[in-house]
Student: 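Here's a structure for you.
We count residues from 1, following the sequence as given. These numbers were taken from a predicted model, which means no experiment stands behind them.
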Amino acid sequence: MTDLEESFVQLPDEDSLENIFLTMTPECIQKEIEKYKDRCFALEQDGADLKAAKEASEQKIQEFEKEAEHLCEKLEKDTLLSSELAASYQTKMHLAKEERYQLLQLKQKLEEELKELEKRRDAYNEQEKALPQVLPSLLERKMVFKGHMTREDTNSLAMTLLIQYPLPGGSALITFENPEVARRIMQKQEHEVELDECRVRVWAEPVELLLPSFLEIEMKRNSRRILVSNLPSLDLSEEQLLDKLELFFSKKKNGGGEVEWREFLSDTRHVVLSFMYDGVVEELIKKGHFQIQFGKTIHEVRVTPYVSGAIADLQFRPSICNRTVLLSGIPDVLDEEAMQDALEIHFQKPSQGGGEVDAISYVPAGKHGLAIFEEDTE
(Lines give C-alpha, C1' and ligand atoms only; values in the text may rest on other atoms or scores of the structure.)
Protein backbone atom coordinates (compact mmCIF):
# COMPACT_ATOMS: atom_id res chain seq x y z
CA MET A 1 0.00 0.00 0.00
CA THR A 2 1.38 3.41 -0.98
CA ASP A 3 1.51 6.57 1.18
CA LEU A 4 -1.42 7.97 -0.80
CA GLU A 5 -3.47 4.90 -0.04
CA GLU A 6 -2.52 5.12 3.64
CA SER A 7 -3.80 8.70 3.85
CA PHE A 8 -7.38 7.65 3.08
CA VAL A 9 -9.75 5.09 4.69
CA GLN A 10 -11.33 2.77 2.22
CA LEU A 11 -14.89 1.97 3.32
CA PRO A 12 -16.54 -1.17 1.98
CA ASP A 13 -19.87 -0.91 0.27
CA GLU A 14 -23.14 -2.04 1.97
CA ASP A 15 -23.17 -5.56 0.46
CA SER A 16 -19.59 -6.09 1.53
CA LEU A 17 -20.41 -4.84 5.05
CA GLU A 18 -23.30 -7.21 5.38
CA ASN A 19 -21.13 -10.11 4.26
CA ILE A 20 -18.32 -8.99 6.58
CA PHE A 21 -20.55 -8.58 9.60
CA LEU A 22 -22.07 -12.01 8.90
CA THR A 23 -18.69 -13.65 8.65
CA MET A 24 -16.66 -11.57 11.24
CA THR A 25 -16.16 -12.82 14.72
CA PRO A 26 -15.92 -10.57 17.78
CA GLU A 27 -12.13 -10.82 17.70
CA CYS A 28 -12.02 -9.61 14.15
CA ILE A 29 -14.35 -6.77 14.95
CA GLN A 30 -12.12 -5.77 17.90
CA LYS A 31 -9.09 -5.76 15.62
CA GLU A 32 -10.91 -3.62 13.09
CA ILE A 33 -11.85 -1.17 15.81
CA GLU A 34 -8.25 -0.92 16.98
CA LYS A 35 -7.11 -0.50 13.42
CA TYR A 36 -9.51 2.39 12.82
CA LYS A 37 -8.47 3.98 16.13
CA ASP A 38 -4.86 3.99 15.00
CA ARG A 39 -5.88 5.55 11.70
CA CYS A 40 -7.92 8.21 13.46
CA PHE A 41 -5.01 9.03 15.76
CA ALA A 42 -2.72 9.31 12.73
CA LEU A 43 -5.21 11.62 11.05
CA GLU A 44 -5.43 13.79 14.14
CA GLN A 45 -1.61 13.91 14.35
CA ASP A 46 -1.39 14.92 10.67
CA GLY A 47 -3.98 17.65 11.29
CA ALA A 48 -1.95 18.98 14.21
CA ASP A 49 1.25 18.93 12.15
CA LEU A 50 -0.50 20.73 9.30
CA LYS A 51 -1.86 23.34 11.72
CA ALA A 52 1.62 23.89 13.18
CA ALA A 53 3.14 24.10 9.70
CA LYS A 54 0.44 26.63 8.71
CA GLU A 55 1.15 28.78 11.77
CA ALA A 56 4.90 28.62 11.04
CA SER A 57 4.26 29.59 7.41
CA GLU A 58 2.06 32.52 8.48
CA GLN A 59 4.79 33.67 10.90
CA LYS A 60 7.36 33.43 8.11
CA ILE A 61 5.07 35.40 5.82
CA GLN A 62 4.73 38.15 8.47
CA GLU A 63 8.50 38.24 8.90
CA PHE A 64 8.97 38.43 5.14
CA GLU A 65 6.42 41.24 4.89
CA LYS A 66 8.19 43.19 7.65
CA GLU A 67 11.54 42.62 5.95
CA ALA A 68 10.08 43.70 2.60
CA GLU A 69 8.63 46.84 4.24
CA HIS A 70 12.00 47.58 5.84
CA LEU A 71 13.77 47.06 2.53
CA CYS A 72 11.32 49.38 0.76
CA GLU A 73 11.89 52.08 3.36
CA LYS A 74 15.64 51.65 3.04
CA LEU A 75 15.38 51.74 -0.76
CA GLU A 76 13.42 55.01 -0.59
CA LYS A 77 15.99 56.52 1.79
CA ASP A 78 18.87 55.33 -0.44
CA THR A 79 17.14 56.74 -3.51
CA LEU A 80 16.63 60.10 -1.80
CA LEU A 81 20.23 60.13 -0.56
CA SER A 82 21.47 59.17 -4.03
CA SER A 83 19.52 62.07 -5.55
CA GLU A 84 20.96 64.48 -2.98
CA LEU A 85 24.49 63.14 -3.57
CA ALA A 86 24.01 63.38 -7.33
CA ALA A 87 22.93 67.01 -6.99
CA SER A 88 25.87 67.68 -4.65
CA TYR A 89 28.29 66.04 -7.08
CA GLN A 90 26.87 68.08 -9.96
CA THR A 91 27.38 71.27 -7.95
CA LYS A 92 30.92 70.25 -7.00
CA MET A 93 31.67 69.31 -10.61
CA HIS A 94 30.40 72.69 -11.81
CA LEU A 95 32.50 74.48 -9.20
CA ALA A 96 35.51 72.34 -10.14
CA LYS A 97 35.05 73.25 -13.82
CA GLU A 98 34.86 76.94 -12.94
CA GLU A 99 37.96 76.65 -10.74
CA ARG A 100 39.79 74.78 -13.53
CA TYR A 101 38.85 77.52 -16.01
CA GLN A 102 40.08 80.21 -13.61
CA LEU A 103 43.32 78.29 -13.03
CA LEU A 104 43.84 77.98 -16.80
CA GLN A 105 43.27 81.72 -17.15
CA LEU A 106 45.72 82.37 -14.33
CA LYS A 107 48.24 79.99 -15.91
CA GLN A 108 47.93 81.76 -19.26
CA LYS A 109 48.37 85.14 -17.57
CA LEU A 110 51.42 83.93 -15.64
CA GLU A 111 52.91 82.46 -18.83
CA GLU A 112 52.43 85.80 -20.59
CA GLU A 113 54.03 87.63 -17.64
CA LEU A 114 56.88 85.11 -17.69
CA LYS A 115 57.43 85.72 -21.41
CA GLU A 116 57.42 89.46 -20.75
CA LEU A 117 59.94 89.06 -17.93
CA GLU A 118 62.13 86.84 -20.12
CA LYS A 119 61.96 89.44 -22.89
CA ARG A 120 62.99 92.16 -20.41
CA ARG A 121 65.75 89.93 -19.06
CA ASP A 122 67.08 89.33 -22.56
CA ALA A 123 66.96 93.07 -23.25
CA TYR A 124 68.83 93.77 -20.00
CA ASN A 125 71.42 91.12 -20.89
CA GLU A 126 71.90 92.70 -24.30
CA GLN A 127 72.38 96.09 -22.65
CA GLU A 128 74.89 94.64 -20.19
CA LYS A 129 76.80 93.03 -23.07
CA ALA A 130 76.87 96.40 -24.79
CA LEU A 131 78.08 98.16 -21.61
CA PRO A 132 81.60 98.86 -22.93
CA GLN A 133 79.95 100.70 -25.84
CA VAL A 134 77.39 102.44 -23.65
CA LEU A 135 80.04 104.31 -21.69
CA PRO A 136 82.97 104.42 -24.09
CA SER A 137 84.35 107.70 -22.77
CA LEU A 138 84.59 106.23 -19.28
CA LEU A 139 85.81 102.72 -20.03
CA GLU A 140 88.37 103.24 -22.80
CA ARG A 141 88.99 106.87 -23.48
CA LYS A 142 92.02 108.60 -21.93
CA MET A 143 91.09 111.53 -19.68
CA VAL A 144 93.08 114.75 -20.05
CA PHE A 145 93.11 117.73 -17.69
CA LYS A 146 93.24 120.99 -19.64
CA GLY A 147 93.65 123.41 -16.75
CA HIS A 148 90.00 124.35 -16.22
CA MET A 149 88.81 124.32 -12.62
CA THR A 150 85.47 124.84 -10.93
CA ARG A 151 84.17 125.27 -7.40
CA GLU A 152 81.29 122.90 -7.98
CA ASP A 153 81.01 119.50 -6.31
CA THR A 154 84.03 117.54 -7.53
CA ASN A 155 82.39 114.23 -6.56
CA SER A 156 79.87 114.54 -9.39
CA LEU A 157 80.47 113.54 -12.97
CA ALA A 158 78.46 114.59 -16.02
CA MET A 159 77.88 111.88 -18.63
CA THR A 160 76.30 111.79 -22.05
CA LEU A 161 74.66 108.38 -22.37
CA LEU A 162 74.19 106.40 -25.54
CA ILE A 163 72.08 103.34 -24.66
CA GLN A 164 71.91 100.49 -27.15
CA TYR A 165 68.55 98.69 -27.32
CA PRO A 166 68.23 95.48 -29.42
CA LEU A 167 65.19 95.27 -31.68
CA PRO A 168 63.96 91.80 -32.76
CA GLY A 169 62.31 91.19 -36.10
CA GLY A 170 58.65 92.10 -36.44
CA SER A 171 58.90 95.10 -34.11
CA ALA A 172 59.12 98.87 -34.30
CA LEU A 173 60.00 101.84 -32.11
CA ILE A 174 57.85 104.94 -32.41
CA THR A 175 58.57 108.21 -30.60
CA PHE A 176 55.82 110.80 -30.15
CA GLU A 177 56.26 114.50 -29.55
CA ASN A 178 53.77 114.41 -26.67
CA PRO A 179 54.36 111.94 -23.80
CA GLU A 180 50.60 111.81 -23.20
CA VAL A 181 50.08 110.24 -26.63
CA ALA A 182 52.63 107.53 -25.84
CA ARG A 183 50.86 106.86 -22.54
CA ARG A 184 47.49 106.43 -24.31
CA ILE A 185 48.98 104.08 -26.90
CA MET A 186 50.59 101.89 -24.22
CA GLN A 187 47.45 101.91 -22.10
CA LYS A 188 45.36 100.53 -24.97
CA GLN A 189 48.01 97.83 -25.63
CA GLU A 190 46.33 96.10 -28.60
CA HIS A 191 45.92 98.01 -31.87
CA GLU A 192 44.51 97.15 -35.30
CA VAL A 193 46.37 98.81 -38.16
CA GLU A 194 44.44 99.04 -41.42
CA LEU A 195 46.47 98.31 -44.55
CA ASP A 196 45.42 98.41 -48.21
CA GLU A 197 44.01 94.88 -48.33
CA CYS A 198 43.88 93.71 -44.74
CA ARG A 199 44.20 94.62 -41.08
CA VAL A 200 47.03 93.60 -38.80
CA ARG A 201 47.07 93.45 -35.03
CA VAL A 202 50.08 94.82 -33.12
CA TRP A 203 50.84 95.22 -29.44
CA ALA A 204 52.19 98.36 -27.77
CA GLU A 205 54.34 98.18 -24.66
CA PRO A 206 56.74 100.47 -22.81
CA VAL A 207 60.46 100.59 -23.52
CA GLU A 208 62.54 99.85 -20.42
CA LEU A 209 66.22 100.78 -20.31
CA LEU A 210 68.95 100.27 -17.74
CA LEU A 211 70.49 103.61 -16.81
CA PRO A 212 73.54 104.15 -14.55
CA SER A 213 72.43 105.37 -11.14
CA PHE A 214 75.81 105.24 -9.38
CA LEU A 215 79.35 105.31 -10.74
CA GLU A 216 82.58 105.09 -8.77
CA ILE A 217 85.93 105.42 -10.56
CA GLU A 218 89.31 104.73 -9.00
CA MET A 219 92.00 107.03 -10.39
CA LYS A 220 95.64 105.92 -10.30
CA ARG A 221 98.76 107.74 -11.40
CA ASN A 222 101.17 105.67 -13.48
CA SER A 223 104.84 105.94 -12.38
CA ARG A 224 106.26 105.06 -15.81
CA ARG A 225 103.97 106.93 -18.20
CA ILE A 226 103.57 110.55 -19.23
CA LEU A 227 101.01 112.41 -21.30
CA VAL A 228 102.41 114.75 -23.93
CA SER A 229 100.00 117.50 -25.01
CA ASN A 230 100.00 120.81 -26.87
CA LEU A 231 101.39 119.15 -29.97
CA PRO A 232 101.77 121.16 -33.17
CA SER A 233 99.34 120.85 -36.07
CA LEU A 234 101.92 120.06 -38.72
CA ASP A 235 101.82 117.98 -41.85
CA LEU A 236 103.14 114.92 -40.05
CA SER A 237 101.78 111.40 -39.91
CA GLU A 238 101.09 109.72 -36.57
CA GLU A 239 104.17 107.51 -36.94
CA GLN A 240 106.40 110.48 -37.74
CA LEU A 241 105.10 112.36 -34.71
CA LEU A 242 105.59 109.32 -32.43
CA ASP A 243 109.11 108.76 -33.76
CA LYS A 244 110.03 112.41 -33.13
CA LEU A 245 108.74 112.35 -29.52
CA GLU A 246 110.30 108.94 -28.74
CA LEU A 247 113.63 110.12 -30.06
CA PHE A 248 113.52 113.30 -27.99
CA PHE A 249 112.39 111.78 -24.67
CA SER A 250 114.70 108.76 -24.91
CA LYS A 251 117.77 111.04 -24.60
CA LYS A 252 119.21 111.48 -21.11
CA LYS A 253 120.27 115.05 -21.85
CA ASN A 254 116.56 115.90 -22.18
CA GLY A 255 115.83 114.16 -18.84
CA GLY A 256 114.33 111.07 -20.53
CA GLY A 257 115.09 107.37 -20.78
CA GLU A 258 114.44 104.28 -22.86
CA VAL A 259 110.88 104.31 -24.22
CA GLU A 260 109.08 100.95 -23.94
CA TRP A 261 105.72 101.77 -25.47
CA ARG A 262 103.92 104.68 -27.16
CA GLU A 263 100.37 105.53 -28.30
CA PHE A 264 98.71 108.36 -30.19
CA LEU A 265 95.26 109.42 -28.92
CA SER A 266 93.47 110.51 -32.07
CA ASP A 267 90.45 112.05 -30.30
CA THR A 268 92.56 114.53 -28.30
CA ARG A 269 95.79 114.55 -30.39
CA HIS A 270 97.79 113.67 -27.28
CA VAL A 271 100.55 111.08 -26.98
CA VAL A 272 101.21 108.58 -24.18
CA LEU A 273 104.82 107.47 -23.60
CA SER A 274 105.77 104.57 -21.34
CA PHE A 275 109.37 104.18 -20.06
CA MET A 276 111.30 101.05 -19.15
CA TYR A 277 112.47 102.21 -15.73
CA ASP A 278 111.19 104.17 -12.72
CA GLY A 279 112.45 107.64 -11.88
CA VAL A 280 112.26 109.09 -15.40
CA VAL A 281 108.67 110.33 -15.19
CA GLU A 282 109.17 112.40 -12.01
CA GLU A 283 111.98 114.46 -13.54
CA LEU A 284 110.03 115.13 -16.74
CA ILE A 285 106.92 116.20 -14.83
CA LYS A 286 108.95 118.61 -12.68
CA LYS A 287 110.14 120.43 -15.75
CA GLY A 288 106.69 120.32 -17.38
CA HIS A 289 107.48 122.08 -20.68
CA PHE A 290 109.94 121.16 -23.43
CA GLN A 291 111.10 122.89 -26.60
CA ILE A 292 111.14 120.33 -29.44
CA GLN A 293 112.15 120.97 -33.02
CA PHE A 294 109.67 119.72 -35.62
CA GLY A 295 111.29 120.21 -39.01
CA LYS A 296 112.33 123.85 -39.16
CA THR A 297 109.97 124.91 -36.35
CA ILE A 298 110.56 124.70 -32.60
CA HIS A 299 107.38 124.02 -30.65
CA GLU A 300 106.76 123.85 -26.91
CA VAL A 301 105.00 120.74 -25.68
CA ARG A 302 103.63 120.02 -22.25
CA VAL A 303 104.25 116.91 -20.09
CA THR A 304 101.75 115.92 -17.39
CA PRO A 305 101.20 112.77 -15.31
CA TYR A 306 99.34 109.91 -16.93
CA VAL A 307 96.34 109.00 -14.77
CA SER A 308 94.42 105.79 -15.48
CA GLY A 309 90.92 105.14 -14.24
CA ALA A 310 89.02 101.93 -13.46
CA ILE A 311 85.37 101.54 -12.60
CA ALA A 312 85.13 100.36 -8.99
CA ASP A 313 81.34 100.28 -8.76
CA LEU A 314 78.61 100.76 -11.33
CA GLN A 315 74.92 100.41 -10.45
CA PHE A 316 71.89 100.57 -12.72
CA ARG A 317 68.23 101.42 -12.36
CA PRO A 318 65.37 100.57 -14.75
CA SER A 319 63.84 103.52 -16.55
CA ILE A 320 60.83 103.75 -18.89
CA CYS A 321 60.95 106.03 -21.95
CA ASN A 322 58.03 108.42 -21.64
CA ARG A 323 57.75 109.31 -25.35
CA THR A 324 58.79 106.04 -27.05
CA VAL A 325 56.61 102.95 -27.54
CA LEU A 326 57.67 99.44 -28.61
CA LEU A 327 55.36 97.82 -31.18
CA SER A 328 55.63 94.02 -31.46
CA GLY A 329 53.93 91.19 -33.35
CA ILE A 330 54.09 93.00 -36.72
CA PRO A 331 53.57 90.45 -39.53
CA ASP A 332 55.72 90.49 -42.65
CA VAL A 333 53.00 91.44 -45.17
CA LEU A 334 54.52 94.61 -46.69
CA ASP A 335 57.98 95.76 -47.60
CA GLU A 336 59.93 97.70 -44.98
CA GLU A 337 59.22 101.23 -46.20
CA ALA A 338 55.50 100.62 -46.86
CA MET A 339 54.96 99.03 -43.44
CA GLN A 340 56.81 101.86 -41.67
CA ASP A 341 54.68 104.45 -43.49
CA ALA A 342 51.48 102.54 -42.63
CA LEU A 343 52.41 102.41 -38.94
CA GLU A 344 53.29 106.10 -38.86
CA ILE A 345 50.01 107.09 -40.57
CA HIS A 346 47.95 104.94 -38.20
CA PHE A 347 49.54 106.23 -34.99
CA GLN A 348 49.34 109.84 -36.11
CA LYS A 349 45.52 109.70 -36.23
CA PRO A 350 43.84 111.29 -33.19
CA SER A 351 40.88 108.93 -33.77
CA GLN A 352 43.21 106.02 -32.92
CA GLY A 353 44.52 107.78 -29.82
CA GLY A 354 47.67 108.83 -31.67
CA GLY A 355 49.44 112.11 -32.25
CA GLU A 356 52.38 113.75 -33.93
CA VAL A 357 55.20 111.25 -34.53
CA ASP A 358 58.74 112.45 -33.90
CA ALA A 359 60.59 109.32 -35.10
CA ILE A 360 59.85 105.74 -36.12
CA SER A 361 62.01 102.72 -36.93
CA TYR A 362 60.69 99.34 -38.16
CA VAL A 363 62.59 96.02 -38.26
CA PRO A 364 61.00 93.37 -40.54
CA ALA A 365 60.60 89.76 -39.41
CA GLY A 366 63.76 87.71 -39.80
CA LYS A 367 66.06 90.69 -39.19
CA HIS A 368 67.54 92.36 -36.11
CA GLY A 369 68.14 96.00 -35.31
CA LEU A 370 69.97 98.06 -32.70
CA ALA A 371 68.41 101.33 -31.53
CA ILE A 372 70.51 104.07 -29.90
CA PHE A 373 68.81 106.06 -27.12
CA GLU A 374 70.09 109.47 -26.07
CA GLU A 375 69.08 111.65 -23.18
CA ASP A 376 65.84 113.53 -23.86
CA THR A 377 66.63 117.22 -23.36
CA GLU A 378 63.18 118.44 -24.40
Student: Among residues at least two apart in sequence or on other chains, which ones pass side chain to side chain donor-acceptor pair (under 3.5 Å) with Glu98?
Tutor: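 By the side chain to side chain donor-acceptor pair (under 3.5 Å) rule, Glu98 matches His94.
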
Student: Would you say CD of Glu337 has more than 12 non-hydrogen atoms from neighbouring residues, nucleotides or ligands within 6.0 angstrom?
Tutor: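 No.
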
Student: Side chains of Lys287 and Val303: closer than 4.5 Å at any heavy-atom pair?
Tutor: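 The answer is no; the side chains never approach within 4.5 Å.
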
Student: What residues form a ring pair (Phe, Tyr, Trp, His ring centres under 6.0 Å) with His191, not counting sequence neighbours?
Tutor: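 His191: ring pair (Phe, Tyr, Trp, His ring centres under 6.0 Å) contacts with Phe347.
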
Student: Quick one: does Gln315's side chain have a donor or acceptor within less than 3.5 Å of a partner on Phe214's backbone?
Tutor: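 Looks like no, no N/O pair under 3.5 Å.
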
Student: Just by modelled atom types, is the Ser213 backbone N or O under 3.5 Å from a matching donor or acceptor in the Arg317 side chain?
Tutor: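 It does not hold such a pair.
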
Student: To the closest 0.5 Å, what do you measure between NE2 (His299) and OG (Ser233)?
Tutor: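 So the NE2 of His299 and the OG of Ser233 are separated by 7.5 Å.
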
Student: Between Tyr165 and Ile330, is there shared hydrophobic-cluster membership here, with clusters defined by ILVMFWY side-chain heavy atoms closer than 4.5 Å?
Tutor: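 No; Ile330 is not reachable from Tyr165 via cluster members.
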
Student: Can you see which heavy atom on Val281 is nearest to which on Ser223, and at what distance?
Tutor: CG2-O, 3.3 Å

Student: Does a sphere of radius 6.0 Å around CD in Glu374 hold more than 12 heavy atoms from other residues, nucleotides or ligands, not counting ones at 6.0 Å or beyond?
Tutor: no

Student: With rounding to the nearest 0.5 Å, note down the distance linking CD in Gln102 to CD in Glu99.
Tutor: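 With rounding to 0.5 Å, CD (Gln102) is 7.5 Å from CD (Glu99).
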
Student: Does Ser308 reach the main-chain N or O of Lys220 with its side chain, forming a donor-acceptor pair under 3.5 Å?
Tutor: yes

Student: Determine whether Leu195 and Val193 make a side-chain contact, defined as any pair of heavy atoms from C-beta on separated by less than 4.5 Å.
Tutor: yes

Student: My understanding is that only residues two or more places apart in sequence, or in another chain, count here; which of them pass salt bridge (charged side-chain N to carboxylate O under 4.0 Å, His left out) with Arg224?
Tutor: Asp278

Student: Got a second to check how far Glu216's CD is from Leu314's CG, nearest 0.5 Å?
Tutor: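 Glu216 atom CD to Leu314 atom CG measures 10.5 Å (nearest 0.5 Å).
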
Student: From Leu343 CG over to Leu327 CG, what is the distance, rounded to the nearest 0.5 angstrom?
Tutor: 6.0 Å

Student: Could you state the interatomic distance from CD (Glu263) to CG (Leu273), rounded to the nearest 0.5 Å?
Tutor: 10.5 Å

Student: Any sub-3.5 Å donor-acceptor pair from Asn178's side-chain atoms to Glu180's backbone N or O?
Tutor: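 Here the side-chain-to-backbone pair exists.
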
Student: Can you tell me if Glu58 and Gln62 form a side-chain donor-acceptor pair at under 3.5 Å?
Tutor: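 Note: Glu58 and Gln62 side chains miss the donor-acceptor criterion.
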
Student: Would Leu167 and Leu326 count as a side chain to side chain contact (heavy atoms under 4.5 Å, CB included) if you check the C-alpha gap in whole Å, the side-chain angles of each, and the deciding distance to 0.1 Å?
Tutor: CA-CA 9 Å; Leu167 272 179; Leu326 174 64; 3.7 Å; yes

Student: Go through Glu258 and Val280 one step at a time and tell me if the side chain to side chain contact (heavy atoms under 4.5 Å, CB included) criterion holds.
Tutor: CA-CA 9 Å; Glu258 184 178 353; Val280 178; over 6 Å; no

Student: So which heavy atom on Phe249 is nearest to which on Phe275, and how close?
Tutor: O-CE2, 3.5 Å

Student: Is a side-chain N or O of Asn230 found less than 3.5 angstrom from the main chain of Arg302, in a donor-acceptor match?
Tutor: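 Such a contact is absent between Asn230 side chain and Arg302 backbone.
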
Student: Can you get from Ile360 to Phe373 by hopping between Ile, Leu, Val, Met, Phe, Trp and Tyr side chains that sit under 4.5 Å apart?
Tutor: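 Shared cluster, no.
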
Student: Do Ser171 and Ser328 have side-chain atoms, one donor and one acceptor, less than 3.5 Å apart?
Tutor: no

Student: Taking all non-hydrogen atoms of both residues, which atom of His346 and which atom of Glu192 are closest, and how far apart?
Tutor: CE1-O, 3.0 Å

Student: Taking all non-hydrogen atoms of both residues, which atom of Lys188 and which atom of Gln352 are closest, and how far apart?
Tutor: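 So the minimum-distance heavy-atom pair works out to NZ-OE1, 4.2 Å.
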
Student: Does a side-chain heavy-atom distance below 4.5 Å link Trp261 with Val272?
Tutor: yes

Student: Is it the case that atom NE2 in His289 sees more than 12 heavy atoms from other parts of the structure closer than 6.0 Å?
Tutor: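 Atom NE2 in His289 is crowded, with more than 12 foreign heavy atoms closer than 6.0 Å.
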
Student: State whether the number of non-hydrogen atoms from other residues, nucleotides or ligands found under 6.0 Å of Gln105 atom CD is greater than 12.
Tutor: yes

Student: Step by step, work out the side chain to side chain donor-acceptor pair (under 3.5 Å) result for Glu34 and Gln30.
Tutor: CA-CA 6 Å; Glu34 292 297 330; Gln30 185 64 36; 3.3 Å; yes

Student: Would you say that Lys51 contacts Lys54 through its side chain, given a criterion of any heavy-atom pair below 4.5 Å between the two side chains?
Tutor: no

Student: Can you check whether Phe176 reaches Asp358 side chain to side chain, under 4.5 Å on heavy atoms?
Tutor: no

Student: Side chains of Leu245 and Leu231: does their closest heavy-atom pair fall under 4.5 Å?
Tutor: yes

Student: Among residues at least two apart in sequence or on other chains, which ones pass salt bridge (charged side-chain N to carboxylate O under 4.0 Å, His left out) with Asp243?
Tutor: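 Counting only residues at least two positions away or on another chain, Asp243 forms a salt bridge (charged side-chain N to carboxylate O under 4.0 Å, His left out) with Arg262.
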
Student: Would you kindly confirm whether Trp203 and Ile185 end up in one hydrophobic cluster when ILVMFWY residues are joined by side chain heavy atoms under 4.5 Å apart?
Tutor: no

Student: In terms of hydrophobic clustering (I, L, V, M, F, W, Y; side-chain heavy atoms under 4.5 Å; direct or indirect links), are Ile174 and Val363 co-clustered?
Tutor: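 No; tracing contacts between hydrophobic side chains, which count when under 4.5 Å, never links both residues.
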
Student: Checking Ser83 side chain against Thr79 main chain: does a donor-acceptor pair fall under 3.5 Å?
Tutor: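 Here the side-chain-to-backbone pair exists.
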
Student: Please report the C-alpha distance between His270 and Phe264 in whole Å, then the side-chain angles of each, then the deciding distance to 0.1 Å, and finally whether the side chain to side chain contact (heavy atoms under 4.5 Å, CB included) criterion is met.
Tutor: CA-CA 6 Å; His270 297 161; Phe264 179 77; over 6 Å; no

Student: For the residue pair Ile311 and Leu215, establish whether any side-chain heavy-atom pair is separated by less than 4.5 Å.
Tutor: yes

Student: Test question: given the 4.5 Å side-chain rule for I, L, V, M, F, W and Y, name all other residues clustered with Leu114, or answer none.
Tutor: none

Student: Check the pair Glu76, Leu80 against side chain to side chain contact (heavy atoms under 4.5 Å, CB included), reporting the backbone distance first and the verdict last.
Tutor: CA-CA 6 Å; Glu76 290 178 358; Leu80 180 61; over 6 Å; no

Student: Name all residues meeting the side chain to side chain donor-acceptor pair (under 3.5 Å) criterion together with Glu67; count only those two or more places apart in sequence or in a different chain, and write none if there are none.
Tutor: none

Student: Could you state whether Met186 and Leu173 fall into the same hydrophobic cluster, counting links through intermediate Ile, Leu, Val, Met, Phe, Trp or Tyr residues with side-chain heavy atoms under 4.5 angstrom apart?
Tutor: no

Student: Roughly how far, to the nearest 0.5 Å, is the CD1 atom of Ile226 from the OG1 atom of Thr304?
Tutor: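 Here the rounded value is 8.5 Å.
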
Student: Which heavy atom in Ala365 sits nearest to a heavy atom in Asp332, and how many Å separate them?
Tutor: CB-CB, 4.0 Å

Student: With a 4.5 Å heavy-atom cut-off, do Leu265 and Leu227 have their side chains touching?
Tutor: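 Of all side-chain heavy-atom pairs linking Leu227 with Leu265, at least one is under 4.5 Å.
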
Student: Output yes when a side-chain donor or acceptor of Ser88 lies under 3.5 Å from a complementary backbone atom of Glu84, and no otherwise.
Tutor: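 Checked: no pair found.
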
Student: Looking at every heavy atom in both Val325 and Ala204, which two are closest together, and how far apart are they?
Tutor: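 The answer is CG1-CB, 3.7 Å.
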
